[in-house]
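Written below as structure tokens is the structure these notes are about.
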Amino acid sequence: MDADEVRETLRRVLRNELDDCERAIRNEDLDKARRELDDAISKLKRLMNSI
């Protein structure tokens, strides 16, 4: 995985899961926030294992 792919993956995680997590927290939907955070963590771990 090259640097551009790493950057794009990080952008996607930040834009998708973490933004959704933040929105769920604002809406007091803690179950959804946890799911989104778990998804982000899983994707970041996969990213770290691939580089």
Side-chain angles (χ1 to χ4, degrees):
M1 182 173 270
D2 67 16
D4 288 335
E5 290 173 313
V6 170
R7 278 192 289 278
E8 183 55 33
T9 300
L10 287 172
R11 263 190 221 106
R12 276 195 315 268
V13 170
L14 289 170
R15 187 178 28 213
N16 297 332
E17 285 76 20
L18 294 180
D19 280 349
D20 290 346
C21 179
E22 183 179 33
R23 191 173 311 109
I25 290 169
R26 279 195 310 267
N27 293 331
E28 297 181 14
D29 186 350
L30 297 183
D31 288 335
K32 180 174 174 108
R34 284 186 196 102
R35 286 192 306 271
E36 294 295 340
L37 185 57
D38 285 343
D39 195 24
I41 290 169
S42 294
K43 289 180 179 180
L44 291 172
K45 284 180 179 178
R46 274 197 304 266
L47 175 64
M48 291 305 297
N49 288 332
S50 71
I51 56 176

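If you read the sequence from its start, that first residue is 1, and numbering goes on from there.
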Nearest 0.5 Å, please: how far is OG1 in Thr9 from CG in Asp4?
10.5 Å

Separation between NZ of Lys43 and CG of Leu14, rounded to the nearest 0.5 Å:
11.5 Å

Lys/Arg-Asp/Glu bridge criterion (N-O < 4.0 Å) met for Arg34, Asp31
yes

Closest contact, heavy atoms only, Cys21 versus Ala33:
SG-O, 3.4 Å

What distance do Leu47 atom CG and Glu8 atom CD have between them, rounded to the nearest 0.5 Å?
11.5 Å

Could you go through Asp38 and Arg35, starting from their C-alpha distance and side-chain angles, then the distance that decides it, and tell me whether this counts as salt bridge (Lys or Arg N to Asp or Glu O under 4.0 Å)?
CA-CA 5 Å; Asp38 285 343; Arg35 286 192 306 271; over 6 Å; no

Of all the heavy-atom pairs spanning Met1 and Glu5, show the shortest one and how long it is.
CA-OE1, 3.2 Å

Nearest 0.5 Å please: distance from the CG atom of Asn16 over to the CZ atom of Arg11.
12.5 Å

Is there side-chain contact between Leu44 and Leu10, with heavy atoms separated by less than 4.5 Å?
yes

Atom CG in Asp19, atom CD in Glu17: separation rounded to 0.5 Å?
9.5 Å

The reported gap from CD1 in Ile25 to CG in Asp20 (rounded to nearest 0.5 angstrom) is 11.0 Å

